Amino acid sequence: MRKLLSATAVALVMAAAGPSLAQQSAAIANPANAYREVKDDNVMVPSLKRTVGQLDDMDVLGPDGTKIGEVEEVLMDASGQPVAVVVDVEHGVGIGDKEVIVGLDQLRDDGRTLTTALTNAQLGTLPIWDD
């Protein structure tokens with residue numbers, strides 16, 4: 001009986017999460033369709049309190065304070081709101097030279113640089129930006 005209840009609970013959770021997981025997978029599978037580059041350097045990125053131009057080439061540090069890369073682009077969603085940045089990840093991070101998409105919610109501005117709590121392993125699973 002306990003196994004049946006556990007299996008039922010898992011099935012219900014998976015069924016409820018299915019649509020949201022599918023949406024996330026679709027956005028990650030083809031980020032070029034989900035995001036566009038912000039071309040105007042004067043656009044403000046409210047969550048970081050900086051303009052697109054100020055974020056360009058800004059260093060991004062990992063959780064241990066080492067540089068993982070720098071901002072190459074700011075990306076917006078279909079509504080025109082800045083939602084992510086493209087980070088040109090340095091070779092020394094261990095995931096190869098890649099440009100990955102990092103959500104703005106994963107970044108903090110310390111005044112001089114951007115920091116993220118994402119580990120190298122997590123960075124390696126982020127969608128790649130191929131402009």
Side-chain angles (χ1 to χ4, degrees):
M1 178 73 166
R2 194 176 284 176
K3 287 183 183 180
L4 178 60
L5 288 174
S6 295
T8 302
V10 169
L12 288 172
V13 168
M14 294 299 284
S20 65
L21 289 175
Q23 288 174 349
Q24 289 174 356
S25 296
I28 290 171
N30 193 356
N33 289 336
Y35 305 120
R36 294 175 306 176
E37 179 185 342
V38 178
K39 299 283 188 187
D40 184 351
D41 283 349
N42 296 312
V43 170
M44 181 60 79
V45 179
S47 63
L48 297 175
K49 298 180 180 82
R50 291 183 182 264
T51 65
V52 169
Q54 290 170 324
L55 290 170
D56 188 35
D57 293 330
M58 196 169 191
D59 288 343
V60 180
L61 306 181
D64 63 354
T66 60
K67 182 178 174 182
I68 60 169
E70 63 183 40
V71 175
E72 289 298 313
E73 314 286 351
V74 176
L75 303 177
M76 63 181 157
D77 62 12
S79 70
Q81 297 300 309
V83 294
V85 297
V86 175
V87 176
D88 185 9
V89 178
E90 295 187 345
H91 183 69
V93 172
I95 65 170
D97 291 327
K98 293 182 182 181
E99 289 187 337
V100 297
I101 300 172
V102 179
L104 294 177
D105 61 338
Q106 298 294 320
L107 299 168
R108 302 291 173 258
D109 186 342
D110 72 4
R112 295 173 302 134
T113 60
L114 298 176
T115 59
T116 183
L118 295 171
T119 65
N120 291 356
Q122 290 169 320
L123 286 168
T125 65
L126 294 177
I128 296 173
W129 179 253
D130 186 21
D131 59 347

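Note that the structure is predicted; figures quoted are calculated from it, not measured.
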What side-chain donor-acceptor pairs closer than 3.5 Å can you find for residues 41-48, not counting sequence neighbours?
none

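Distance check, rounded to the nearest 0.5 Å: OG1 of T66 to CG of N120 gives 7.0 Å. Between I68 atom CD1 and T116 atom OG1 the span is 6.0 Å, to the nearest 0.5 Å. Note that CD of E73 and CZ of R36 are 14.0 Å apart. Values are rounded to the nearest 0.5 Å. Rounded to the nearest 0.5 Å, atoms CD (E70) and CG (L114) are 11.0 Å apart.
Q81 is linked by a side chain to side chain donor-acceptor pair (under 3.5 Å) to nothing, counting only residues two or more places apart in sequence or in another chain. With sequence neighbours excluded, no residue forms a side chain to side chain donor-acceptor pair (under 3.5 Å) with D56. In this structure, E72 has no salt bridge (Lys or Arg N to Asp or Glu O under 4.0 Å) partners at least two apart in sequence or on a different chain. With sequence neighbours left out, D105 forms a side chain to side chain donor-acceptor pair (under 3.5 Å) with no residue at all. K49 pairs by the salt bridge (Lys or Arg N to Asp or Glu O under 4.0 Å) definition with nothing, not counting sequence neighbours. Evaluation of the side-chain contact (heavy atoms from CB on, under 4.5 Å) rule for L61 yields K67, T113, T115 as partners, not counting sequence neighbours.
Side-chain contact between V85 and M58 is absent, with no heavy atoms from C-beta onward closer than 4.5 Å. By the 4.5 Å heavy-atom criterion applied to side chains, V71 and V60 are counted as neighbours. At least one side-chain heavy atom of L104 sits less than 4.5 Å from a side-chain heavy atom of P82.
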Next item on the list: Could you please spell out the steps behind the side chain to side chain contact (heavy atoms under 4.5 Å, CB included) verdict for L75 and W129?
Entry: CA-CA 10 Å; L75 303 177; W129 179 253; 3.7 Å; yes

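P127 pairs in a side-chain contact (heavy atoms from CB on, under 4.5 Å) with only one of the listed residues (I101, V86, V100), which is I101.
With hydrogens and angles disregarded, no donor-acceptor distance shorter than 3.5 Å links the side chain of Q106 to the backbone of G103.
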